[in-house]
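In what follows, a single structure is set out as structure tokens and then discussed.
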2 protein chains.
Amino acid sequence: MTSNPSAGPRPADRPRRLPDLNALELLVTVAETGSLGRAAARLGISQPAASERMNLLERRLGLQLVHRSTTGSRLTDTGVVVNDWARQVLEAAQALAEGVDALVSRQDGRLQIAASLTLAEHLLPGWLVTLRTLSPGVHVGLQVANSQQVIEAVRRQDADLGFIESPATPRDLRTAVVAHDRLVVVTAPGHPWTRRKQPLTGAELASTPLVLREAGSGTRDTLQRALRAWNGPCEPVLELGSTTPLRAAAAGGAAPAVLSQLAVADDLAARRLVEIPTTDDLALQRTLRAVWRKDTELTDPAQHLLRITRRS
Amino acid sequence: MTSNPSAGPRPADRPRRLPDLNALELLVTVAETGSLGRAAARLGISQPAASERMNLLERRLGLQLVHRSTTGSRLTDTGVVVNDWARQVLEAAQALAEGVDALVSRQDGRLQIAASLTLAEHLLPGWLVTLRTLSPGVHVGLQVANSQQVIEAVRRQDADLGFIESPATPRDLRTAVVAHDRLVVVTAPGHPWTRRKQPLTGAELASTPLVLREAGSGTRDTLQRALRAWNGPCEPVLELGSTTPLRAAAAGGAAPAVLSQLAVADDLAARRLVEIPTTDDLALQRTLRAVWRKDTELTDPAQHLLRITRRS
DNA sequence: CGAGGTCATAGGCACAACTTATCGCGTGCC
DNA sequence: GGCACGCGATAAGTTGTGCCTATGACCTCG
């Protein structure tokens with residue numbers, strides 16, 4: 001089985017209560033409109049409902065967030081701070097919503113795109129949010145696959161635009177660089193490699209059993225190419241098509257993992273994983289590219305999206 | 001009144017439904033445990049409740065996320081993608097929860113910290129999340145104020161550790177650099193400055209009415225210092241103690257604003273605001289610092305937090 | 001072939017949250 | 001100075017959502 005039965009590194013900080021996104025949205029809207037009533041109207045609920053919802057939020061958090069007056073409502077000092085945190089959460093939620101929308105309209109979107117997993121997970125939602133704020137009319141359809149399959153989809157015209165992370169760039173398609181990424185070697189915090197003084201060499205990495213993405217994925221391709229001089233990576237301990245269980249396995253101490261910087265940023269920040277420096281002769285950088293057919297002109301929305309991606 | 005009555009740049013994409021954070025948490029837990037039942041147990045709900053919740057999530061999103069079998073549940077391909085987006089949202093939500101916790105225990109925390117608004121809003125929650133995962137026992141109390149007041153709080157020993165963004169570093173306190181920041185000039189997308197070919201000069205900026213943070217804030221101090229050679233910024237159009245309405249005012253076209261890069265990153269990405277390049281002689285960089293008393297040894301948790309901040 | 005795991009279904013209950021209607025109260029206009 | 005308007009709070013009633021326990025159907029493995 002692929003799933004780790006004894007997984008579950010989180011001990012027992014469970015009693016934490018998650019906030020209600022609708023309440024957070026209300027807070028943000030009150031901050032913008034300056035009134036509970038106007039906020040209620042904009043959110044399409046009645047004024048008492050907004051009043052009640054805000055009360056509930058304040059009671060749950062144990063903080064007074066808005067200062068009510070007969071002329072309207074203003075945020076308190078703590079309200080200002082919480083409001084900004086709330087905006088971060090809503091931003092992420094909006095990215096999720098945008099991505100889900102695109103996944104749902106995989107067929108009927110006006111703009112069909114295909115993206116590799118890493119790109120779809122970490123970069124695309126943000127781009128889609130921007131695209132929507134700039135031109136709300138476009139309906140995007142998203143298909144997620146590994147880099148090889150993305151290329152095929154673009155060739156077959158199943159997708160107007162593709163995003164790949166593989167080092168192999170097909171000659172029969174137009175490409176544009178949209179971002180840069182780097183693979184990093186990560187281990188559990190207690191791993192012997194974390195106490196190394198010298199950077200990890202290609203030979204060492206190539207001879208160590210790892211947990212890896214599946215063959216055909218851009219991540220695996222890049223690693224394979226980087227370790228070619230040392231006869232590729234040896235047989236992996238575990239091989240999976242998604243990063244979440246890989247991260248869990250690595251964090252659990254199963255074996256080192258090689259993953260995109262984008263995929264492990266959170267875990268590194270939270271010290272669930274530790275990055276192991278490598279020698280410079282290991283070419284673990286990679287370029288994320290957009291690809292499209294040479295013979296067809298890019299549609300307007302496709303051009304728009306491409307412009308957005310190239311600015312970040 | 002300070003709030004903008006006609007504010008509300010969002011037109012009418014309201015019908016978007018926000019996901020339920022508990023459902024998202026269930027999704028990532030299923031991904032980790034590989035079973036609805038185990039996920040239910042970990043979240044402290046019954047197995048049927050988890051089953052139902054997951055069904056509801058799938059119906060709401062219009063996507064099949066998990067593949068149920070008699071041996072357990074695994075994520076579908078789209079489930080893997082959505083799972084990763086969900087983790088982002090939860091990460092932000094956890095940061096919010098951590099921050100709220102700290103605000104609530106402003107008095108009874110074992111580690112008392114005080115931070116300026118920009119730091120508290122954008123950097124601190126992430127640090128607190130890390131701190132909690134590393135040493136779950138510590139209770140942090142957070143007080144938010146402007147840089148001047150933070151310094152006072154540390155002097156009075158109301159706070160063990162302070163975080164400031166002001167260019168003036170008090171001589172009677174120990175300091176450590178924790179991050180770097182930069183002020184940026186931003187305008188609404190249609191503003192004449194967005195069509196400039198030449199970078200904005202200090203003289204121009206100094207003679208233009210702006211929307212600004214209040215005096216005493218680190219942001220205002222930095223700007224004042226940078227524009228000293230041109231006799232400081234002229235009388236502001238609007239002066240506020242928080243960034244949200246400032247951003248709204250700037251995005252609405254009221255006047256250019258000068259704000260922390262951290263505060264406007266989202267708006268820049270979404271093209272709600274545009275950054276105006278400035279000449280190099282404008283010293284808009286600034287250093288974010290931790291401060292504490294020279295005469296008292298830092299407590300263990302305080303040292304821990306400081307170590308965390310210095311790695312990012 | 002039985003035991004133990006999985007998830008789904010059914011029935012019943014509780015509470016959370018929304019609605020409409022109304023009130024109290026400041027502000028500002030005339 | 002008085003009156004109307006807009007704000008938020010309160011009240012009462014209803015709906016619906018989500019949870020629990022109990023049970024059933026199914027697959028897998030020993």
Side-chain angles (χ1 to χ4, degrees), chain A residues 1-8 14-15 17-62 64-76 79, chain B residues 1-8 14-15 17-61 63-76 79:
Chain A
M1 277 295 81
T2 59
S3 62
N4 183 352
S6 69
R14 269 294 75 238
R17 296 261 299 231
L18 292 162
D20 174 17
L21 284 189
N22 292 308
L24 298 185
E25 187 181 30
L26 175 63
L27 176 64
V28 171
T29 312
V30 168
E32 285 177 12
T33 60
S35 141
L36 273 172
R38 275 197 295 271
R42 192 190 290 186
L43 297 182
I45 61 176
S46 70
Q47 171 264 319
S51 191
E52 175 60 21
R53 197 187 273 182
M54 182 59 75
N55 278 334
L56 189 66
L57 178 66
E58 291 184 323
R59 251 178 292 135
R60 284 227 246 262
L61 299 186
Q64 184 171 352
L65 302 176
V66 314
H67 187 250
R68 295 131 168 102
S69 87
T70 167
T71 72
S73 296
R74 299 192 38 197
L75 298 196
T76 62
Chain B
M1 278 293 86
T2 58
S3 63
N4 182 351
S6 69
R14 269 294 74 241
R17 296 259 301 227
L18 292 162
D20 175 16
L21 285 188
N22 292 308
L24 298 185
E25 187 180 30
L26 174 62
L27 177 64
V28 320
T29 312
V30 169
E32 286 177 13
T33 59
S35 141
L36 273 173
R38 275 196 294 272
R42 191 190 293 186
L43 297 183
I45 60 176
S46 71
Q47 172 266 319
S51 191
E52 175 59 23
R53 199 188 269 184
M54 181 59 76
N55 278 334
L56 189 65
L57 177 65
E58 290 184 324
R59 253 179 289 135
R60 284 228 245 263
L61 298 186
L63 293 170
Q64 183 170 354
L65 302 176
V66 314
H67 187 251
R68 295 131 169 101
S69 88
T70 168
T71 73
S73 294
R74 298 191 38 199
L75 298 197
T76 62

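Just so we're on the same page: letters track the sequence lines, and every chain starts at 1.
Looking at Thr70(A), its side chain comes within 3.5 Å of the base of dG6(D) through a donor and an acceptor atom. Side-chain N/O atoms of Ser69(A) and base N/O atoms of dG26(C) include no donor-acceptor pair closer than 3.5 Å. One donor-acceptor pair, N or O on each side, does fall under 3.5 Å between the base of dA8(C) and the side chain of Gln47(B).
Atom P of nucleotide dT10(D) and atom CG of Asn55(A) are separated by 7 Å, given to the nearest angstrom. Between the CG atom of Leu26(B) and the P atom of dG18(D) there is a distance of 13 Å, rounded to whole Å. When rounded to the nearest whole Å, the span between CZ of Arg68(B) and C1' of dG5(C) equals 17 Å. In this structure, CD of Glu52(B) is placed 17 Å from P of dG12(C), rounded to the nearest angstrom. One atom, CZ of Arg38(B), and another, P of dT6(C), lie 6 Å apart when rounded to the nearest Å. Between the C1' atom of dT20(C) and the CD1 atom of Ile45(A) lies a distance of 15 Å, rounded to the nearest Å. Between the CE atom of Met54(B) and the C1' atom of dG18(D) there is a distance of 15 Å, rounded to whole Å. Atom-to-atom, CG of Leu36(A) to C1' of dG26(C) comes out at 16 Å; the value is rounded to the nearest Å.
Among the nucleotides dG8(D), dC18(C), dC20(D), the one closest to any side-chain atom of Ser46(B) is dC20(D).
For dG8(D), the OP1/OP2 oxygens have a side-chain nitrogen or oxygen of Ser35(A) closer than 4.0 Å. In this model, the phosphate group of dT6(C) is not approached by any side-chain N or O of Ser73(B) to a distance below 4.0 Å at OP1 or OP2. Under 4.0 angstrom from either OP1 or OP2 of dG6(D) there lies no side-chain N or O belonging to Thr71(A). Not one side-chain nitrogen or oxygen of Ser51(B) sits closer than 4.0 Å to the OP1 or OP2 atom of dC7(C).
Within the 4.0 angstrom heavy-atom criterion, only backbone atoms of the sugar-phosphate kind lie near Arg60(A); the bases stay farther away.
The side-chain heavy atoms of Leu56(B) and Arg53(B), taken from C-beta on, include no pair separated by under 4.5 Å. Residues Asn55(B) and Arg59(B) have side chains in contact (heavy-atom distance under 4.5 Å, counting atoms from C-beta outward).
Among Leu75(A), Leu57(A), Leu26(A), the one residue that satisfies the side chain to side chain contact (heavy atoms under 4.5 Å, CB included) test with Leu65(A) is Leu57(A).
Along DNA chain D, the nucleotide nearest to Pro48(B) and the one nearest to Arg53(B) differ in position, and the one closer to the 5' end is contacted by Arg53(B).
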Practice prompt. Starting from the C-alpha separation in whole Å, work towards a yes-or-no answer on side-chain contact (heavy atoms from CB on, under 4.5 Å) for Asp20(A) and Leu18(B).
Written response: CA-CA 10 Å; Asp20(A) 174 17; Leu18(B) 292 162; over 6 Å; no
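Between Thr76(B) atom OG1 and Leu63(B) atom CG the span is 8.0 Å, to the nearest 0.5 Å.
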